[in-house]
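Just so you know, ligand 1 is whichever comes first in the structure, and atom 1 is the first atom listed for that ligand.
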Amino acid sequence: MAVIEIEEVYKEYEGFVALKGITLSIKKGLTLLLGPNGAGKTTLLKCIVGLLNFEGEIRIMGYDVLREAVKAKNFLGYLPQKVSIYENMKCYEIVKFFSELRKIDLDVEEVLKLAELEEEYHSKFGELSGGMRQRFALALLLASDLPVLILDEPMSNLDPMGRRRFEGMLRELKSDKTILVSSHSLGSLLPYADRVVVMNEGEVVFDGELDQFLSMLDEKFKAHVKT
Ligand code: ATP
């Protein structure tokens, strides 16, 4: 059964059509959303998490994200492209704040351990590096035990070590969750993807299993070599 159902979604920004009728079914496991800059990935993810109004329908676990927003959002964790809120709050304060916001009992030590940031208990979020922020934000989502995670270009600001740690966290997660991760490059997450969706200019131009995607790349490569 599809966890995220997207039907004929259109999004227009003051006359510019950024999403031109997107229809997708996203199942459990890791789905990689690929596409060049401006393809509409961030717009689609923001529609899924209910941050933007749109035409069409999106359901999370059967709940309509616009009409049953509170219920739909209960299942959702969202990691935006740049995590820049909470600059002045200390790491432990953020965990407590997030616990209250989500009405769940999060253990500060557990979250920091997951993020491999045990030493940063009293550090301000604004003092952490890009990689540390991403790990901290992902650990918060993980510890909250949310079944659906929407991650917008989580690897883009990470150094190679940060990427490896982040990949490790995602690998451990993907078996029992539905994770949708956007990226503008094939990157190192590809081998862990169950499904690949490619967008271009507001449309889905490929939607299939990883094997289908890889064989399509292979075909294109072969064609290129022949010419
Ligand atoms: P990137 O990887 O650069 O974030 P993307 O695939 O996520 O690219 P979007 O950010 O969704 O693409 O943008 C899709 C299109 O919509 C782009 O042409 C962008 O300029 C346009 N766009 C995005 N946000 C707005 C906005 N608030 N107002 C007007 N146009 C916008």
Side-chain angles (χ1 to χ4, degrees), residues 3-26 29-60 64-66 69 72-73 76-87 129-131 133-138 141 148-160 162-163 166-167 169-170 178-208 210 212-213 216-217 220:
V3 176
I4 308 174
E5 288 167 289
I6 303 168
E7 270 175 46
E8 282 293 305
V9 167
Y10 287 82
K11 175 65 194 171
E12 191 176 317
Y13 295 111
E14 293 154 21
F16 175 77
V17 185
L19 299 180
K20 301 172 183 168
I22 305 285
T23 297
L24 282 172
S25 280
I26 312 238
L30 180 65
T31 299
L32 198 55
L33 177 63
L34 296 172
N37 289 333
K41 305 180 299 292
T42 297
T43 302
L44 180 64
L45 298 188
K46 284 185 175 170
C47 290
I48 294 172
V49 299
L51 284 175
L52 287 176
N53 228 326
F54 56 86
E55 273 180 47
E57 209 169 308
I58 300 179
R59 287 182 301 275
I60 314 274
D64 188 300
V65 295
L66 294 181
K73 282 181 190 172
L76 272 181
Y78 172 54
L79 187 62
Q81 208 158 9
K82 193 162 177 272
V83 187
S84 56
I85 39 175
Y86 312 130
E87 295 290 306
S129 71
R133 286 167 185 233
Q134 295 290 69
R135 292 205 315 271
F136 183 69
L138 187 62
L141 297 183
V148 185
L149 299 181
I150 310 289
L151 314 177
D152 196 358
E153 304 245 8
M155 313 281 268
S156 58
N157 296 316
L158 303 187
D159 58 28
R163 276 170 196 241
F166 199 85
E167 279 162 25
M169 286 173 85
L170 276 182
T178 303
I179 311 174
L180 179 59
V181 188
S182 79
S183 174
H184 62 266
S185 63
L186 283 181
S188 49
L189 280 181
L190 190 65
Y192 311 118
D194 299 296
R195 200 168 184 88
V196 179
V197 173
V198 185
M199 285 181 70
N200 192 32
E201 296 184 357
E203 292 178 299
V204 171
V205 293
F206 177 86
D207 172 19
L210 177 65
Q212 282 172 278
F213 180 72
M216 184 190 73
L217 285 186
K220 290 215 160 154

Search all heavy atoms of V49 against all heavy atoms of I150 and return the closest pair with its distance.
CG1-CG1, 3.8 Å

Heavy-atom contacts with ligand 1 below 4.0 Å: which residues, ordered by chain and residue number?
Y13, F16, A18, P36, N37, G38, A39, G40, K41, T42, T43, Q81, E153

Name the atoms and distances for all side-chain donor-acceptor pairs under 3.5 Å in residues 3-11, with sequence neighbours left out.
residue	atom	partner	partner atom	Å
E7	OE2	R59	NH2	2.8
K11	NZ	N53	O	3.0

For D152, the salt bridge (charged side-chain N to carboxylate O under 4.0 Å, His left out) test, sequence neighbours excluded, returns none

Would you please name every residue forming a ring pair (Phe, Tyr, Trp, His ring centres under 6.0 Å) with F213, sequence neighbours left out?
F206

Checking the side chain of K41 only, and the main-chain atoms of P36 only, is there a donor and an acceptor separated by less than 3.5 Å?
yes

More than 12 non-hydrogen atoms from neighbouring residues, nucleotides or ligands closer than 6.0 Å to CD on E12, yes or no?
yes

